[in-house]
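Scroll down for the structure; my scribbles are underneath it.
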Amino acid sequence: MKHNLKKALALLLALALACGAVACSSSSDSGDSGDSSTGSAESSAASASEASAESAAASEAGAESSAADAEAEEVEEVELIVFAAASMTETLTEIKDTYEAAHEGVTITYNFDSSGTLKTQIEEGAECDLFISAGQKQMDQLDITANAEVNTDGLDFVLEESRIDLLENKVTLCVPEGNPAGIESFDDLAEKLAEGSVFMAMGNEDVPVGQYTQKILAYYGLDEDELANAGCITCGTNVKEVTTQVSEASVDCGVIYCTDAYSAGLEIVDYATADMCGQVIYPAAVLKTSANQEAAQEFLDYLTTDEAMAVFESVGFAPVA
C-alpha cells in the first residue's frame with residue numbers, strides 16, 4: 001500500500017510539472033503576440049504620419065503651382081496705335097479682329113487717313129507705334145537713311161531694321177454705275193480731258209494716289225493746272241473721298257486704287273501701267289518713338305503671314321514682287 005501511495009504521489013507531481021510547462025508556453029506566446037500588436041500599431045502610426053507629411057507637401061506644391069499659374073496668367077495690356085493709309089481701312093479692320101482674338105491683352109487702335117496727313121501728324125508728335133504708307137515718299141520723309149532730297153528736314157522716326165515693303169496695289173480708272181460719259185480707258189480719258197468734255201476726280205498732290213495721277217497726266221502730256229482752271233478736275237483729300245465722288249456720280253470718273261474700287265463695288269475700265277506711274281508700293285515700319293516696339297514688330301510680322309496676306313489679296317492687294 002505504501003508502494004501504491006508513492007506511485008500516486010509521483011504521478012501527481014509529474015502532472016503538476018507538465019501543467020506548469022504548458023502555462024509558461026502559453027504566457028510566452030501571449031507575450032509575443034502583444035509585442036507583435038504593439039509593433040503593428042507603431043508601424044500604422046508611422047505610415048499615417050508619413051502620409052500626412054506627403055499630403056502636406058503635395059498641398060504646398062499645389063499652392064505654389066497655382067500661384068505660379070496665376071502669375072503667368074497676368075497678361076500685360078498693350079495698346080498698339082497704327083497709322084495706315086485710308087485704302088487699307090477694310091482689310092486692316094478685318095485683320096484686327098483676328099489678331100486681337102489670338103493675342104490676349106493686345107488692343108489695336110487705327111488712325112486711317114492720307115499718307116501725307118499721317119506723316120505730318122507723326123512729325124508733329126502724334127503717338128504712333130506702326131506706320132503703313134501708301135507711298136514711299138511719305139515714309140522716306142520720316143527716315144533718316146533716305147535720300148536727303150526727299151527727307152529735307154532730316155527727320156529720324158523710322159526704326160531702320162523694321163522697315164519693309166509690305167504690299168503692292170494698282171492704280172485704276174473707275175466710273176460711276178452705267179458709265180454715263182462712256183469712258184473706256186486711260187487713252188480715252190486723256191483725249192476727253194484735252195477736249196474738256198469730262199470731269200475727273202483725283203487726290204491732292206500730297207496724297208499718294210494724287211501723286212500717281214499727276215504722273216499719269218504727265219505721261220499723256222496734260223497740264224494739271226490748265227485742266228483745273230478749265231473745270232475738268234476736282235481733288236479729294238484722300239482716296240476714300242475720291243472714291244465717294246465716283247460712287248455718288250458727282251464726277252464722270254476718278255483715279256483710285258484697285259482695292260478701293262473693289263470695296264466700293266465700282267466699275268474699273270482700265271489699269272495704269274508701271275510706265276505710266278510706277279509701282280504702287282506700301283512701305284511699313286515701326287517708329288523709334290514707339291513705347292511698344294516689340295509688340296508693334298510682332299504685329300508687322302503677322303501682316304506678312306499667309307493668313308494676313310489672304311485678307312489683303314481678297315480685295316486686290318498683292319505681295320511685293
Side-chain angles (χ1 to χ4, degrees), residues 77-93 95-96 99-100 106-167 169 201-215 224 234-245 256-257 259-260 280-303:
E77 299 290 332
V78 176
E79 180 187 13
L80 284 180
I81 301 176
V82 179
F83 281 26
S87 51
M88 305 184 76
T89 301
E90 291 79 14
T91 50
L92 285 181
T93 298
I95 287 171
K96 163 188 165 75
Y99 191 81
E100 288 181 346
V106 176
T107 301
I108 299 172
T109 300
Y110 290 126
N111 178 20
F112 294 111
D113 211 321
S114 72
S115 300
T117 298
L118 297 175
K119 173 261 174 185
T120 299
Q121 291 174 352
I122 291 171
E123 181 181 358
E124 293 177 347
E127 187 176 353
C128 174
D129 297 303
L130 176 66
F131 179 37
I132 309 175
S133 172
Q136 298 284 17
K137 178 181 178 180
Q138 289 72 24
M139 186 68 75
D140 286 344
Q141 290 174 332
L142 296 172
D143 190 348
I144 194 63
T145 67
N147 192 316
E149 293 181 1
V150 180
N151 187 358
T152 55
D153 295 323
L155 301 179
D156 187 13
F157 284 87
V158 172
L159 191 63
E160 182 181 353
E161 60 271 24
S162 72
R163 180 173 176 173
I164 61 172
D165 289 338
L166 179 62
L167 297 167
N169 208 340
M202 61 179 283
N204 285 337
E205 63 179 8
D206 65 337
V207 178
V209 73
Q211 293 161 1
Y212 292 123
T213 308
Q214 287 178 321
K215 291 180 180 180
E224 181 184 350
T234 182
C235 295
T237 58
N238 58 49
V239 70
K240 291 299 182 187
E241 192 170 303
V242 178
T243 302
T244 298
Q245 290 175 317
I256 61 176
Y257 297 121
T259 52
D260 294 283
V280 183
I281 303 298
Y282 283 50
V286 176
L287 299 188
K288 287 183 177 180
T289 53
S290 168
N292 304 295
Q293 290 183 2
E294 184 177 347
Q297 183 64 58
E298 288 178 3
F299 181 57
L300 178 54
D301 291 342
Y302 174 77
L303 295 181

Fill in the blank from the handout: Rounding to 0.5 Å, atoms CG (Leu166) and CG (Leu300) come to a distance of 6.5 Å
Side-chain donor/acceptor pairs under 3.5 Å, residues 122-135, sequence neighbours excluded:
unit_1	atom_1	unit_2	atom_2	d
Glu123	OE1	Lys119	NZ	2.9
Asp129	OD1	Ser290	OG	2.6
Asp129	OD2	Ile81	N	2.8
Ser133	OG	Ser115	OG	3.4
Ser133	OG	Gly135	N	3.0
Ser133	OG	Gly135	O	2.6

Problem - Pairwise salt bridge (charged side-chain N to carboxylate O under 4.0 Å, His left out) hits with a residue in residues 145-158, at least two apart - result: Asp156-Lys288
Completion exercise
By side chain to side chain contact (heavy atoms under 4.5 Å, CB included), Ser162 pairs with (sequence neighbours left out) Leu159, Ala285, Val286, Gln297
Practice task
Determine, step by step, whether Leu303 and Leu92 satisfy the side chain to side chain contact (heavy atoms under 4.5 Å, CB included) criterion, reporting the C-alpha distance in whole Å, the side-chain angles of both residues, the deciding distance to 0.1 Å, and the verdict.
Solution key: CA-CA 9 Å; Leu303 295 181; Leu92 285 181; 4.1 Å; yes
Problem - Partners passing side chain to side chain donor-acceptor pair (under 3.5 Å) against Thr109 (at least two apart in sequence or in another chain) - result: Glu79
Practice task
For Ser87, check side chain to side chain donor-acceptor pair (under 3.5 Å) against everything at least two apart and list the hits.
Solution key: Tyr282
Problem - Gap separating the NZ atom of Lys96 from the OG1 atom of Thr91, nearest 0.5 angstrom - result: 14.0 Å
Practice task
Give, for atom CD of Gln214 and atom CD of Glu205, the distance between the pair rounded to the nearest 0.5 Å.
Solution key: 6.0 Å
Practice task
Check ring pair (Phe, Tyr, Trp, His ring centres under 6.0 Å) between Tyr99 and all other residues, then give those that pass, not counting sequence neighbours.
Solution key: His103, Phe299, Tyr302
Problem - Heavy-atom pair of closest approach, residues Val239 and Ala86 - result: CG1-CB, 4.3 Å
Practice task
State which residues pass side chain to side chain donor-acceptor pair (under 3.5 Å) with Thr152; sequence neighbours excluded, sorted by chain then number.
Solution key: none
Exercise for the section: Grab the two heavy atoms, one from Ile256 and one from Val209, that are nearest each other, plus how far apart they are. Expected result: CA-CG2, 3.9 Å
Completion exercise
In short, salt bridge (charged side-chain N to carboxylate O under 4.0 Å, His left out) pairs touching residues 131-141 with sequence neighbours left out are Asp140-Arg163
Practice task
Look up atom OG1 in Thr289 and atom CG in Leu287, then write down how far apart they are to the nearest 0.5 Å.
Solution key: 4.5 Å
Fill in the blank from the handout: Closest non-hydrogen contact found for Val106 with Glu100 is O-CG, 3.4 Å
Problem - Distance (rounded to the nearest 0.5 Å) between Asp143 CG and Gln136 CD - result: 10.0 Å
Fill in the blank from the handout: Residues passing the side chain to side chain contact (heavy atoms under 4.5 Å, CB included) test with Thr244, sequence neighbours excluded, are Glu248
Practice task
Starting at CD of Gln141, measure out to CZ of Phe157 and round the result to the nearest 0.5 Å.
Solution key: 12.0 Å
Problem - Any side-chain heavy-atom pair of Val158 and Met139 under 4.5 Å - result: yes
Problem - salt bridge (charged side-chain N to carboxylate O under 4.0 Å, His left out): pairs with one or both residues in residues 291-303, sequence neighbours excluded - result: none
Handout entry: Any side-chain heavy-atom pair of Val242 and Met202 under 4.5 Å
Key = no
Practice task
Kindly say whether Ala296 contributes a backbone atom to a donor-acceptor pair with the side chain of Asn292 at under 3.5 angstrom?
Solution key: no
Practice task
List in chain and number order the residues that pass side chain to side chain contact (heavy atoms under 4.5 Å, CB included) with Lys215, two or more places apart in sequence or in another chain; answer none if no residue qualifies.
Solution key: Cys277
Problem - Minimum side-chain heavy-atom gap Leu80-Val78 below 4.5 Å - result: yes
Problem - Partner set under side chain to side chain donor-acceptor pair (under 3.5 Å) for Thr117, not counting sequence neighbours - result: Ser114
